[in-house]
Every structure is written in structure tokens, then in C-alpha cells.
*Asks:* 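Take a look at the following structure, please.
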Amino acid sequence: MTGILYPYIPPGKTIMYVGLDNEFMTAAKEFARENNTVQHVGAALVVTNGRVIGRGSIGAGVHGEQGGCIRERLNVPTGTRYDLCKGCAHEYHSEASAIREAKERGEDTRGADLYLWGHWWCCEPCWSAMTEAGIGNVYLLEGSERLFNKSSPGNVIGRQFETHYTSR
């Protein structure tokens, strides 16, 4: 995918894209459906040798404790003011949570791939966590820059689990 103006992407890094027919993207979507407590959901899977070694969703367990996401209630722009909400803190982002779970299970994340459903870009702290963990490729859903971008008129936020939309 070219021409997408990501809010952040480190020099030399790229994002790969897969469709909803990809088994790991489908699994990430299902994990998001089962584990998120916020409107703008996301889930990440760390995959190596065709095997899921870590799963993470944004703010899992934390948003419920605090009655939902404060940033969401205030309509804070994507990628900003994570300090307002404990569940939105970088260590609770989907990517970091999936990497943490893999490492807690004793898995080696070097060279693993990360599949991220529900987002159209990765913030700087998540890229740093992925680089430090040795993640190889980062995969997003085709069309995610439209589907999961609050600024896009074609977004599906709030309806992301409905089956009538397509990623293309």
C-alpha cells in the first residue's frame, strides 16, 4: 500500500496488508470481539511458524475497571492524550500486550509477525516495542486506513463486527 499518510512510521519500516480471508487477521478480529471494552477496538496476534504465540487487546481488563475509556468519552483524537486513561497507556496497547503475553509464555518473538486488527497505524511506542521484540512483519487489514480511521467518512468504528463491510 502506498500513499497512506500514517501519523507515525519509523524510517525503514513498512506495513503489510492482508484481507479478511487471512486466518490470523480473522483470529485477531475474533479476539478483539471477545476481549475489548472500548468502541475503537483493536487486537494483535504475534505469530511464528504458523502458530499464534501471543494475543493482546487494547486496555484488556483495565477499561472495565475504570468504567470505560475516558479518551473515548471526550472524543480525544487518535494517537493523543494516552495519559488520560490507564487502559490506553502504551503498555496496554494491543501490540505491546501481545508481545508481553508471548514473552510471559517463554516464546521467542524474534522474527515473528504481528497481525493487528482494528487499527490503521501503530504509534511510536508500539513500533519501539515491536522493534525491541524483533518482530519481523506487521500486518494490517486491507483498507484499514479507511475502515478504522475516525477521520474517514467510510469508517466502521462502532460497527466493526458487522459482516456487511469489506476490507477492499
Side-chain angles (χ1 to χ4, degrees), residues 1-47 55-60 62-63 66 68-99 113-131 135 137-168:
M1 291 256 147
T2 59
I4 298 172
L5 298 176
Y6 303 104
Y8 177 78
I9 190 163
K13 295 293 185 177
T14 58
I15 293 175
M16 312 285 282
Y17 291 87
V18 295
L20 280 171
D21 57 344
N22 178 280
E23 67 177 299
F24 299 117
M25 191 57 69
T26 299
K29 179 181 177 182
E30 282 308 307
F31 189 77
R33 181 191 317 262
E34 296 166 2
N35 292 281
N36 277 282
T37 58
V38 295
Q39 180 183 19
H40 196 123
V41 300
L45 302 182
V46 178
V47 177
R55 294 174 177 83
S57 63
I58 190 159
V62 179
H63 284 121
Q66 62 186 25
C69 177
I70 297 159
R71 291 177 63 251
E72 202 170 82
R73 288 196 302 268
L74 296 174
N75 202 28
V76 173
T78 299
T80 62
R81 297 301 316 268
Y82 293 131
D83 59 300
L84 293 175
C85 175
K86 180 181 176 187
C88 290
H90 300 119
E91 64 265 22
Y92 293 109
H93 285 191
S94 303
E95 303 95 319
S97 295
I99 291 166
D113 295 325
L114 188 134
Y115 290 81
L116 179 61
W117 186 88
H119 291 295
W120 69 281
W121 66 287
C122 304
C123 69
E124 185 173 355
C126 285
W127 274 109
S128 294
M130 291 185 291
T131 299
I135 297 296
N137 295 309
V138 175
Y139 293 92
L140 298 180
L141 179 66
E142 288 175 340
S144 60
E145 73 284 357
R146 172 181 49 85
L147 297 169
F148 305 122
N149 182 346
K150 288 181 182 179
S151 301
S152 174
N155 78 63
V156 297
I157 298 169
R159 307 180 326 274
Q160 59 268 45
F161 297 114
E162 296 175 12
T163 57
H164 69 272
Y165 72 86
T166 63
S167 60
R168 298 177 208 275

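The shown structure was predicted, so the numbers you read here are calculated from the model rather than taken from an experiment.
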*Asks:* Less than 4.5 Å apart, any side-chain heavy atom of T131 and any of K13?
*Replies:*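 Counting from C-beta outward, T131 and K13 do come under 4.5 Å.
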*Asks:* If I take atom CG from residue L147 and atom CG from residue L141, how far apart are they, to the nearest 0.5 angstrom?
*Replies:*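 Going from the CG atom of L147 to the CG atom of L141 covers 6.0 Å.
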*Asks:* If I take atom CD from residue E142 and atom CG from residue N22, how far apart are they, to the nearest 0.5 angstrom?
*Replies:*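 If we round to the nearest 0.5 Å, E142:CD and N22:CG are 9.5 Å apart.
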*Asks:* Where is the tightest heavy-atom contact between S97 and S57, given as atom of each residue plus distance?
*Replies:*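 Of all heavy-atom pairs spanning S97 and S57, the closest is OG-O, 4.0 Å.
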*Asks:* Tell me if the centroids of the rings in W121 and F148 come within less than 6.0 Å of each other.
*Replies:*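 Here the rings of F148 and W121 have centres that are no less than 6.0 Å from each other.
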*Asks:* Taking atom CE of M25 and atom OH of Y115, what is their separation to the nearest 0.5 Å?
*Replies:*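 It comes to 7.5 Å.
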*Asks:* Contact between L116 and E95 at the side-chain level, heavy atoms closer than 4.5 Å - yes or no?
*Replies:*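 In contact.
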*Asks:* Quick one, I99 and M130 - any side-chain contact, counting heavy atoms below 4.5 Å?
*Replies:*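 Of all side-chain heavy-atom pairs linking M130 with I99, at least one is under 4.5 Å.
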*Asks:* Would you say CG of L74 has more than 12 non-hydrogen atoms from neighbouring residues, nucleotides or ligands within 6.0 angstrom?
*Replies:*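 Atom CG in L74 is crowded, with more than 12 foreign heavy atoms closer than 6.0 Å.
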*Asks:* Let me confirm one number: the CE-CG distance from M16 to L140, rounded to the nearest 0.5 Å.
*Replies:*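 Answer for the CE-CG pair, M16 versus L140, is 11.0 Å.
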*Asks:* I need the minimum non-hydrogen distance between S144 and H119, along with the two atoms involved.
*Replies:*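 Looking at all heavy atoms of both residues, the shortest contact is CB-O, 3.5 Å.
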*Asks:* I need the single residue from Y139, F161, Y17 that forms a ring pair (Phe, Tyr, Trp, His ring centres under 6.0 Å) with W117. Which is it?
*Replies:*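 Testing each of Y139, F161, Y17 against W117, the sole residue satisfying ring pair (Phe, Tyr, Trp, His ring centres under 6.0 Å) is F161.
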*Asks:* Check step by step if side chain to side chain contact (heavy atoms under 4.5 Å, CB included) holds for F24 and D113.
*Replies:* CA-CA 10 Å; F24 299 117; D113 295 325; over 6 Å; no
*Asks:* So how far is it from N149 CG to W120 CH2, rounded to the nearest 0.5 Å?
*Replies:*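 So the CG of N149 and the CH2 of W120 are separated by 4.5 Å.
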*Asks:* Please check this pair: side chain of Q160 against backbone of G158, looking for a donor-acceptor N/O pair closer than 3.5 Å.
*Replies:*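 Looks like yes, one N/O pair under 3.5 Å.
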*Asks:* Check A44 against A98 and note the closest heavy-atom contact, atom names and distance.
*Replies:*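 Of all heavy-atom pairs spanning A44 and A98, the closest is O-CB, 3.5 Å.
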*Asks:* For the residue pair A28 and A43, what are the closest heavy atoms and their distance?
*Replies:*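 Taking A28 first and A43 second, the nearest heavy atoms are O-CB, 3.3 Å.
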*Asks:* If we ignore hydrogens and angles and just use 3.5 Å, is the side chain of W127 paired with the main-chain N or O of C122 as donor and acceptor?
*Replies:*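 At least one qualifying donor-acceptor pair exists.
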*Asks:* Kindly compute the distance separating CG (L114) from CG (L45), expressed to the nearest 0.5 Å.
*Replies:*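 Spacing of CG (L114) from CG (L45) equals 7.5 Å.
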*Asks:* Tell me if a side-chain donor or acceptor on T26 pairs with a main-chain N or O of L20 at a distance below 3.5 Å.
*Replies:*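 Present.
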